[in-house]
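Remarks on the structure that follows.
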There are 2 protein chains.
Amino acid sequence: MSRENLKNIEKQISVYKHGKVPKELRIAQIVLTARTMFAQNGYTNSSMDELAKRVRVSKPVIYELVGSKDNLFKMILTEAGQELQDRIQNAVDEASTLESKLKAGGLAFFNFVKEHRQLWLALFVNDQGLFSKDIALIRKEQSDLVSNLIVSSNAFENSSLTYISGIAHALNGAYEALAIWWFDHPEIEPETLANWITELLLPTDLPLNR
Amino acid sequence: MSRENLKNIEKQISVYKHGKVPKELRIAQIVLTARTMFAQNGYTNSSMDELAKRVRVSKPVIYELVGSKDNLFKMILTEAGQELQDRIQNAVDEASTLESKLKAGGLAFFNFVKEHRQLWLALFVNDQGLFSKDIALIRKEQSDLVSNLIVSSNAFENSSLTYISGIAHALNGAYEALAIWWFDHPEIEPETLANWITELLLPTDLPLNR
DNA sequence: TATAGTAACCTACTTATAGTAGTTTACTAC
DNA sequence: GTAGTAAACTACTATAAGTAGGTTACTATA
């Protein structure tokens, strides 16, 4: 991601005294500036007027070079997605056993998020602001429900509350992702889905709807 | 959710010949109409002008009664979130063992999604359109990676590809949710998070970072 | 060194949509 | 039948995406 950083690009640009900068360089500057802007403000709260101001260029230049706000966001999204994917794939490839592959892949993912917190949030999670807090609240309530379930069952009796809270959120994320996946597999019964996740958490040797 | 349906409300409204409808009734009509509109078009692609048209009222009436587009969406989001929460809680309460509680809770969730597919998507997942396809593509690539991992490890050797695909998506959802949760627990190391999910999937009896 | 061609850029607009100021209409109580 | 008010309206502002059409500065060739 961003093989060249913004400082470099702008140094190169400063050479062109009267402001006529070659296309490629200008595009790189726009994309990198936009990436920062989206990370700071999210998609909706970023405006093309502001971007033009930051790049010190008029709006039609932006549109000429990157097409539209949507397209600009998609470029950034796709590039970041590719880097994330590559990093996970490499990590997995370099490990040998299933367990070490899972650990390595997970670690690669969390390291990516750590390095690009704001950007990751803006690109992959939601259009920050507006409703993220409200949705977070609903998620928290559901996770609390799961946490209570786990605690009262003594299934993880030697575990810390932090761990349980994290696992509860992870579990809710799993349900949600499975529900999204379900849109493309509508023939599956709700009972089956519920069984899948239960079985994943509490493995039994009983034959299951797999 | 929607103790009264829209048909009922509009029947009551039709009594008021010259269009002066009591506040409460009008609010109910607006909220229910908006819920349908948001479910159909998502937040961004819904406009207050269109809502006013559907309700056959001028825009200031809408603003007088529900404040703003944001607020309207939040009302609907909160109500739906509350119903979802209640249904899961009831299902969990009525079951006895941990396993049956997990199944019942999961089933309640998936039934809710089934009954309100479009609305659930619009409220809880994303502002449809724009980037949902691009994000879905990235998620799919990552899930494929996980699927391949599972298949090649023979960890689930008697499982169908559909099941494996679903589980892979669920697992990715778990990672993502844990990363979001991480924003509120930044002191935790990436390694710890990666271990948590690995351990969840492949339980060992070794002591762990819990 | 003049000038034709073009890449890069600009000013000033249109369109869409959230939100509002100020006014009018119909029902209600006396 | 008239005063008061709840409900509604017309017509506006502001912001932001996107565009039409024209201008400027570099480049190649005579």
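Note that the structure is a prediction, hence the values are computed from the model and not measured. Naming: A, B, ... by sequence-line order, numbering from 1 per chain.
To the nearest angstrom, P of D:dT15 lies 19 Å from CG of A:Leu51. In this structure, A:Asp49 atom CG and C:dT14 atom C1' are separated by 14 Å, rounded to whole Å. Note: CD (A:Glu50) to C1' (D:dG18) measures 18 Å, nearest angstrom. Across the protein-nucleic acid pair, B:Glu64 atom CD and D:dT10 atom C1' stand 16 Å apart, rounded to whole Å. A:Asn45 places its CG atom 14 Å from the P atom of D:dT15, with the value rounded to the nearest Å.
Ring geometry for A:Phe112 against A:His116 counts as tilted: the plane angle lies between 30° and 60°, on a 0 to 90° scale.
Residue A:Ser47 is classed as a sugar-phosphate contact, given heavy-atom separations below 4.0 Å to backbone atoms only. Nucleic acid contact for A:Lys59: base, since at least one base atom lies under 4.0 Å from a heavy atom of the residue.
For B:Tyr63 and C:dG19, the shortest distance from a side-chain N or O to OP1 or OP2 is below 4.0 Å. Distances shorter than 4.0 Å separate some side-chain N or O of B:Arg26 from OP1 or OP2 on D:dA8. In terms of phosphate contacts, A:Lys20 brings no side-chain nitrogen or oxygen within less than 4.0 Å of OP1 or OP2 of C:dA7.
A salt bridge links A:Arg139 to A:Glu176: at least one charged side-chain nitrogen sits closer than 4.0 Å to a carboxylate oxygen. Classification of A:Lys140 and A:Asp144 as a salt-bridged pair holds, one side-chain N sitting under 4.0 Å from a carboxylate O.
Using modelled atom types, one finds no donor on one side chain facing an acceptor on the other under 3.5 Å when comparing A:Glu115 with A:Asn111.
Under the Watson-Crick or G-U wobble criterion, with both distances below 3.5 Å, D:dA30 is paired with C:dT1.
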